[in-house]
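Chain identifiers are assigned alphabetically (A, B, ...) following the order of the sequence lines, protein sequences preceding nucleic acid strands; residue numbering begins at 1 within each chain.
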Amino acid sequence: MYRSHTCGELRQEHVGQEVTLAGWVHRRRDHGPLIFVDLRDRYGITQVVFDSQSPEVHAIAEESRSEFVLQVRGLVRSRPPEAHNPELATGDIEVTATSATVLNPARTTPLYIAKEGGEDEALRLKYRYLDLRRERMQRNMILRHRVIKFMRDFLDAEGFLEIETPILIKSTPEGARDYLVPSRVHPGSFYALPQSPQQLKQLLMVAGYDKYFQVARCFRDEDQRADRQPEFTQLDMEMSFVEQEDVITLIERLFIQLCAAVVPHKRVLTPFPRLSYVEAMERYGSDKPDLRYGLELINLSDLLTATPFNVFKGALEQGGQVKGLRIPGCGNYTRKQLDELIEMVRGSGGKGLAWAALPADGGDVRSSFGKLLAPGEMAAIIERMQAQPGDLLLIVADKASSVATALDKLRRLFAERLNLADPDLLHFSWVLDFPLLDWNPDENRWDAVHHPFTAPHAEDLPLLASNPAKVRAQAYDLVLNGYEVGGGSIRIHRRDVQQRIFELLGISEETAQSQFGHMLEAFEYGAPPHGGIAPGIDRIVMLLADESTIREVMAFPKTQQAADLMTNAPSEVDERQLKELHITLR
RNA sequence: GGACCCGUGGUGUAGCGGUUAACAUGUGGCCCUGUCAAGGCCAAGAUCGCGGGUUCAAAUCCCGUCGGGUCCGCCA
């Protein structure tokens, strides 16, 4: 063994013991004849004292630099009365070195390990093994471990079985773009990496494993975001003989206990509030609203049906909406600040932004559109929005989806600027009653909003024929502080219903047979009613860790362009490899 | 596919038409026995992501490109 103790465990009670430590030089304070070295490992930091009275040992400290790996044998001593360091867990003691070895020297690191923050993220990603030495990443990795451990223990106690499913599976064109793996044995054929183990876990239900879970790696070849990586981890779950309410109840218990165990300083509101998709979109312009603050969208459409203002009139005539946001205390925004907001809305595909500012002293309203309104309309808007002197009113007129995108973005921007979101509140909620289908005008068919195995509400079944847009899905999203942290549904378990859905999705009999034949066939051999959910572990850990990207809670994440800066993946391969795989580049 | 932001010694910043390209930290050397971001003195280290253009003159202005990030589209 290289060490008798870790760098985080020595206390007063160890005083007098001869110990051996091994770790990295965190900091070094050279006083000439006396050198202090803070020796670090993932358990903590211990101060080691090198005295020139033992010259050979002192020489080791003299040549040591940051991040050298040292092995030190020495005596645990109580520090002199004036020299205790309350900042350190080991601050009451120190180790006087009696012998020392440099296990490995280190070049000057491109990142400071002892001092964090500020550097280009590309540098952190290139030298991730150095970044991971730092306290922030270690804290996040430990939290992530604890979260996953808690989930496994909780589900084990509930009678769930963790079952692994394959990574090389069949590609199906539904949903996100697949990552493909060429087959050497079958020229011209490809495996896909799972976007999620969706079909496999449903087949496990058919097999009678009525409570399944898996800490599952998922792959989606789509463009990245702060909360989206090409590969990510879900707590994939499925249960038989359950209804929506059963899944919701279980998950609430899981997360309430999880948060109490791993982030006891944070508050959780229980039970988790529920809102319908329609309500979420109407009030927040988002299907994953941050409920830690109000700042709700206000619908003005009905006030402006006869307005002469072309922007509003045009939007309403084309079936769109006029909605607004009341920003308290921002009525003093300058023209420049307002132009930036307009630019932001345009940058996100919006047509523009109308604004009205109410001076704090109660003077005349400044606005970009007041002159163009009919008499009384501005007053009606102010009344509907309950605007106070000093407020800023932001109004968007467009088709409903664009209004939602723009106002959701503004809502989140101002929540941040005005510090409205309590960082220690975990405001979980459920968003329910998603539409099952979404009309795709380009392809002239319906698309599955969730995925094609999602069950419709039983009472909406007749609408499948008459008004598919109105059919609600038995689908549920778990939302936390403005992020979707889990989505699930009750699945179709009857072949006839599944076939009906495939028809609406424009999937032909032949395609259904070739793509999903195994599912349809399985449903003929006694498939139980079942449903599940898949909480996203990266996003949950990110929120529990107070981070703003999931990269901070992944050991080796990729860049926005899906590259690994440390290993330089993806990379070109040998001509020979391509040949074996029957692949020609063009 | 699109919009916006960033790119200066090892690291983080300043400089934004003419500077010996500044500062901090780290690095090398010397001094120092109680520091914990130790301190003091000295030194080395960047031609400003890359390419092109404008100009008497470019880190500084323009165009392109590469890399990183945020967002829209895409994606649950």
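Pairing of B/C23, defined by two Watson-Crick or G-U wobble distances under 3.5 Å, is identified with B/G12. As the counterpart of B/A59, no nucleotide is assigned, since no Watson-Crick or G-U wobble pattern has both distances under 3.5 Å. Using Watson-Crick or G-U wobble geometry with both donor-acceptor distances under 3.5 Å, B/C36 finds no partner in any strand shown.
Inspection of the A/N140 and A/E547 side chains reveals an N or O donor paired with an N or O acceptor under 3.5 Å. Between the side chains of A/N568 and A/S571, not a single donor N or O lies within less than 3.5 Å of an accepting N or O.
Of the candidates A/R40, A/R27, A/R107, A/R40 is the only one forming a salt bridge (charged side-chain N to carboxylate O under 4.0 Å, His left out) with A/E67. With A/Y284 as the fixed residue, the side chain to side chain contact (heavy atoms under 4.5 Å, CB included) test singles out one of A/L295, A/V431, A/L291: A/L291.
For the contact set between residues 78-93 of chain A and RNA chain B, defined by any heavy atom under 4.0 Å, the members are A/R79, A/P80, A/A83, A/H84, A/N85. Within residues 549-567 of chain A, the residues having any heavy atom closer than 4.0 Å to RNA chain B are, in order of number, A/T549, A/R551, A/T559, A/Q560, A/Q561, A/L565.
Judged by distance alone, the side chain of A/R65 and the main-chain N or O of A/E62 form a donor-acceptor pair under 3.5 Å.
Within the nucleic acid shown, A/K409 comes within 4.0 Å of sugar-phosphate atoms alone, with no base atom in reach, counting heavy atoms only.
Taking every nucleotide of RNA chain B with any atom under 4.0 Å from a non-hydrogen atom of chain A, the first and last of them, 5' to 3', are B/G1 to B/A76.
The P atoms of B/C50 and B/U11 are separated by 14 Å, rounded to the nearest whole Å.
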